[in-house]
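Below: one structure, written as structure tokens.
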Amino acid sequence: MKAFCDGGDLAEAVGKAIRAISNKSNNPILDNIKIEASEGTLTFTATDNELTVTTGIVGDVDDGGVVLVPGKLFSDFTRKLTGERIAVESAGNKLMLRYGDSESEFACADPDDYPEIRTVSDAGDLRMTEKDLKDLINKVAFSVRQDDVRPILKGVLLEIGNSTVTAVALDGFRLAKCVKPISARAGTMNAVVPARCLNEIARLLGDSDEEVGMYVGKGMIKTDIGHTTIMSVLYEGEFVPYRNIIRTSFDTSVTVAVEQLYDSLERALLLTRDDRSNPVRFDVTERMMRITSASGRGNLDERLPVVTSGPDITIAFNAKYFTELLSRAGADSVTIKFNSPADPCVVVPCGGEEDFLYLVLPVRIA
């Protein structure tokens, strides 16, 4: 291999590819990034056999070829080369980078040992705007489960209908649901997509009205964004029947300013940091919501103006679940709906289309 490229382009491409390399891999070959040079393009591929990222940059290719470089080392190194004109050349199991009057060399693995990358076949096409897909992901993916106790809950359920896509994520303590319009689809279908894949897609998306496609095939999903392709396996199995969890009628509803509630709960979190449940108590009356928390660090007692409908209620929650929601609500105020101190509450943003719903279970209070 012998090629020339811009150092900034090289660093950006390697930075995108490295996101697919898992810190938990038991296969050393998957710690590498595959670089292919051909016909004026340098292509970078990384995978952990679940998530795959492939991205390309323009290069002057004198001699094509394939090398396998250590991912983290190469990523850290190329970040320091921004702005340089880079010569990339391989010989045997070595890769040389030449820049200015300097040269660096990397030991490479055998590219024949790298796994074959699966492709998405018989794909169903879903199209929507970049800003809607980005907002859809950001509003639900944070609610997935983080451990492997129930692997399917590490994914986001996508329900693709005739004119909308519904995304649902839950972890056993909270649930997030968001609905967005789509402009085209090849057919109605459901898919459970790893949240890690969706978060990587969101990183590359802008806030424009340009359309982006997602292709769902047998057990796989693929998205093309610019010169980057993100692919992932889908989780198998039955997702939780979430509609049975969401109540449709409530006794009490309270409307509160997002910024005031968020700031109050952030202060409460500082005092409850040593308690994993981060318990914060809500005392709701006709015109006031009282926020209280107590721990060995100290006590908090704040009162927020609200508009309430229905009977008073006292209930407690993990404050972290609320701050994560409020930072993504996309509204100046939210309405929180309650039934009893033992039932989950439902939170919806005020104003505009009600396309986002959040449910959170309470914690017991003495």
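Scope of the values below: all heavy atoms of this structure, side chains included, with no hydrogens, waters or symmetry mates. This is a predicted model, so every value here is computed, not measured.
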Distance check, rounded to the nearest 0.5 Å: Ser75 atom OG versus Arg19 atom CZ? 10.0 Å

Where Gly40 and Val61 come nearest, the two heavy atoms and their spacing: N-CG2, 3.8 Å

I'd like to know if the side chain of Ser183 reaches the main chain of Arg127, judged simply by a donor and an acceptor atom lying under 3.5 Å from each other, with no hydrogens or angles considered. yes

Does the side chain of Met214 come within less than 4.5 Å of Leu133's, by heavy atoms? yes

Interatomic distance, Ile21 atom CD1 to Leu30 atom CG [nearest 0.5 angstrom]: 8.5 Å

Would you say the side-chain atoms of Thr252 pair up with the backbone N or O of Phe338, donor to acceptor, closer than 3.5 Å? no

Evaluate the side-chain proximity of Ile336 to Met289: yes if any heavy-atom separation is below 4.5 Å, no if none is. yes

Interatomic distance, Leu198 atom CG to Lys134 atom NZ [nearest 0.5 angstrom]: 14.5 Å

Tell me, yes or no, whether the heavy-atom count around Arg247 atom CZ, taken from other residues, nucleotides or ligands under 6.0 Å, exceeds 12. no

Arg243/Glu159 ion pair, N-O < 4.0 Å: yes

With side chain to side chain contact (heavy atoms under 4.5 Å, CB included) as the test, would you mind laying out the steps for Val240 and Arg150 before giving the verdict? CA-CA 11 Å; Val240 175; Arg150 298 184 68 184; 3.8 Å; yes

Nearest-0.5 Å distance, CE of residue Met231 to NZ of residue Lys222: 7.0 Å

Exam field: side chain Arg196 to backbone Ala20, donor-acceptor pair closer than 3.5 Å: yes

Shortest non-hydrogen separation from Ile152 to Val192 and the atoms involved: O-CG1, 3.8 Å

Assess whether atom CG of Asp332 is packed by more than 12 heavy atoms of other residues, nucleotides or ligands within 6.0 Å. no

What distance do Glu105 atom CD and Leu97 atom CG have between them, rounded to the nearest 0.5 Å? 10.0 Å

Could you walk me through whether Asn199 and Ile137 satisfy the side chain to side chain contact (heavy atoms under 4.5 Å, CB included) test, starting with their C-alpha distance in whole Å, then the side-chain angles of each, then the deciding distance to 0.1 Å, before giving a yes or no? CA-CA 7 Å; Asn199 285 329; Ile137 295 169; 3.9 Å; yes

Is there a donor-acceptor pair under 3.5 Å between the side chain of Asn339 and the backbone N or O of Asp251? yes

What pairs with Val363 under side chain to side chain contact (heavy atoms under 4.5 Å, CB included), at least two apart in sequence or on another chain? Pro279, Ala316

Please tell me if the side chains of Val216 and Leu126 come closer than 4.5 Å, counting only heavy atoms from C-beta onward. no

Checking the side chain of Arg145 only, and the main-chain atoms of Asp171 only, is there a donor and an acceptor separated by less than 3.5 Å? yes

Does Lys72 pair with Asp76 as a salt bridge, N-O distance under 4.0 Å? yes

Scanning both residues in full, the closest heavy-atom pair of Lys34 with Tyr114 reads CD-CD2, 3.8 Å

Heavy-atom donor-acceptor pair, Gln146 side chain to Val144 backbone, under 3.5 Å: yes

Is any side-chain heavy atom of Arg297 closer than 4.5 Å to one of Leu270? no

Locate the shortest heavy-atom distance separating Val67 from Ser90; write the atom from each residue and the value. CG1-CB, 3.4 Å

Glu210 atom CD: more than 12 heavy-atom contacts under 6.0 Å: no

Is there side-chain contact between Val280 and Leu300, with heavy atoms separated by less than 4.5 Å? no

Taking 4.0 angstrom as the limit, do Asp148 and Lys24 come out as a salt bridge? no

Verify the cluster assignment for Val347 and Val307: are they in a single hydrophobic cluster under the rule of side-chain heavy atoms below 4.5 Å apart? no

List for me each residue that meets ring-ring contact (aromatic ring centres under 6.0 Å, His included) alongside Phe317, sequence neighbours excluded, and say none if there are none. Phe282, Phe322

How about Tyr99: does its OH atom have over 12 heavy atoms from other parts shown lying under 6.0 Å from it? yes

For Leu68 and Ile29: C-alpha separation, side-chain torsions, deciding distance, then whether side chain to side chain contact (heavy atoms under 4.5 Å, CB included) applies. CA-CA 9 Å; Leu68 212 57; Ile29 203 69; 3.6 Å; yes

What distance do Glu89 atom CD and Leu95 atom CG have between them, rounded to the nearest 0.5 Å? 9.0 Å

Donor + acceptor pair across side chains of Tyr321, Ser143 (<3.5 Å): no

Do Phe250 and Asp343 come close enough that some side-chain heavy atom pair is under 4.5 Å? no

Treat each ILVMFWY residue as a node, draw an edge where side-chain heavy atoms are under 4.5 Å apart, and state whether Ile33 and Val53 are in one component. no

For Thr285 and Asp312, does a side-chain donor sit closer than 3.5 Å to a side-chain acceptor? no

Please check if atom CZ in Arg85 has more than 12 non-hydrogen atoms from other residues, nucleotides or ligands closer than 6.0 Å. yes

Does Asp147, at its CG atom, have more than 12 non-hydrogen atoms belonging to other residues, nucleotides or ligands within less than 6.0 Å? yes

Between Val360 and Leu269, is there a shared hydrophobic cluster once you connect ILVMFWY residues whose side-chain heavy atoms come closer than 4.5 Å? no

Heavy-atom distance under 4.5 Å between the side chains of Leu170 and Phe239, does that happen here? yes

I'd like to know whether CZ of Arg303 has more than 12 heavy-atom contacts from other residues, nucleotides or ligands below 6.0 angstrom. yes

Could you tell me whether the side chain of Ile57 reaches within less than 4.5 Å of the side chain of His227, counting heavy atoms only? no

If only atom types and distance count, is the side chain of Thr78 paired as donor or acceptor with the main-chain N or O of Ala11 below 3.5 Å? no

Between the side chain of Thr47 and the main-chain N/O of Leu51, is any donor-acceptor distance below 3.5 Å? yes

Is there a path of hydrophobic side-chain contacts, each under 4.5 Å between heavy atoms of I, L, V, M, F, W or Y residues, that connects Ile245 with Leu361? no

Under a 4.0 Å threshold between the charged nitrogen and the carboxylate oxygen, would Asp301 count as salt-bridged to Arg290? yes

Any link between Val140 and Leu204 through a network of hydrophobic side chains (Ile, Leu, Val, Met, Phe, Trp, Tyr) touching at under 4.5 Å? yes

Pro305 versus Val256, closest heavy-atom pair with distance: O-CG2, 4.3 Å

Begin from the C-alpha positions of Phe74 and Ile35 and carry the test side chain to side chain contact (heavy atoms under 4.5 Å, CB included) through to its verdict. CA-CA 11 Å; Phe74 199 65; Ile35 306 176; 3.8 Å; yes

Short question: side chain of Glu84, backbone of Gly7 - any donor-acceptor pair under 3.5 Å? no

Quick check on Glu259: does its CD atom have over 12 non-hydrogen neighbours (other residues, nucleotides or ligands) under 6.0 Å away? no

Can you name the closest pair of heavy atoms from Leu42 and Phe44 and give their distance? O-CE1, 3.6 Å

Should the pair Lys320-Glu324 be classified as a salt bridge under the 4.0 Å nitrogen-to-oxygen rule? yes

